[in-house]
Amino acid sequence: MQRQQGLSVISVLFIMLVVGAGFLLAGKVLPVYNEYAEVRKAVTAMASQPGRGETELRREFMNHAMVGDISSIKPENLTIITTANTVFVRAAYRREVPLFANVSLAFDFDTQAGQTPQ
């Protein structure tokens, strides 16, 4: 008589549960980091253009936000310091992603570009 090998039904269900939870978590987290990459790209692009006014930079961020699907931070929440030759832009924000019931994930992002003001 040969001994049976392989996984039991309970083991297969447990593995499917763990893999499904992993895909669910990845589906919730990846868009958040994709948005952060867009915010970082917008902030870097804004800081590389000295000589522009604060209002003009906020309008430019709004354009980046529309194209890059940025909804977690508004142009008025940016810290922008401009001088004649430098631009400093900082974006600090929190994004909460609901998972289920009263359980959520919270992400704190802080990115800056340009010459730090003195």
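Predicted model, so just to flag it, every value in this text is computed and none were measured.
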Got Thr83 and Phe88 here, is their nearest side-chain heavy-atom distance under 4.5 Å? no

Of Ile70, Thr111, Val39, which is the lone residue that meets side-chain contact (heavy atoms from CB on, under 4.5 Å) with Tyr93? Val39

Between Arg40 and Glu38, does any NZ, NE, NH1 or NH2 come within less than 4.0 Å of an OD or OE carboxylate oxygen? no

At their closest point, which heavy atom of Thr86 faces which heavy atom of Pro50, and how far apart are they? N-CB, 4.1 Å

May I ask you to test the Lys41-His64 pair for a side-chain heavy-atom distance under 4.5 Å? no

Is any side-chain heavy atom of Leu99 closer than 4.5 Å to one of Leu24? no

Below 4.5 Å, heavy atoms only, C-beta onward: do Met62 and Lys74 meet side chain to side chain? no

Please tell me whether Val19 and Phe14 are part of a single hydrophobic cluster in this structure, the criterion being side-chain heavy atoms less than 4.5 Å apart. no

Closest approach of Pro31 to Gly27 (non-hydrogen atoms, all atoms of both residues): CD-O, 3.2 Å

Rounded to the nearest 0.5 Å, how far apart are CD of Gln112 and CD1 of Ile81? 10.0 Å

Would you kindly confirm whether Val43 and Met66 end up in one hydrophobic cluster when ILVMFWY residues are joined by side chain heavy atoms under 4.5 Å apart? no

Note: Val89 and Met46 closest approach over all heavy atoms is CG1-CE, 4.0 Å

In this structure, would Val29 and Phe100 fall into the same cluster of hydrophobic residues linked by side-chain contacts under 4.5 Å? yes

Identify the two heavy atoms, one from Glu35 and one from Ser71, that lie closest to each other, and give their separation to 0.1 Å. OE2-N, 2.6 Å

Could you walk me through whether Ile73 and Phe109 pass the side-chain contact (heavy atoms from CB on, under 4.5 Å) check? CA-CA 10 Å; Ile73 185 167; Phe109 294 107; over 6 Å; no

Would you check if the side chain of Lys28 reaches a backbone N or O of Val97 as a donor-acceptor pair within less than 3.5 Å? no

From Gln49 atom CD to Thr82 atom OG1, the distance as rounded to the nearest 0.5 Å: 13.0 Å

Hydrophobic cluster membership, with links at side-chain heavy-atom distances under 4.5 Å among I/L/V/M/F/W/Y: are Met16 and Leu7 in one? yes

Between Arg58 and Glu76, does any side-chain N to carboxylate O distance fall below 4.0 Å? no

Ring centroid separation Tyr33 to Phe107 under 6.0 Å: yes

Nearest atoms (heavy-atom pairs only) where Asp108 meets Arg94: OD1-NE, 2.8 Å

Nearest heavy-atom approach of Tyr36 to Asp110 is OH-O, 4.1 Å

Rounded distance [0.5 Å steps], CG in Asn85 versus CD in Gln115: 9.0 Å

Leu25 side chain near Leu105 side chain, heavy-atom distance below 4.5 Å: yes

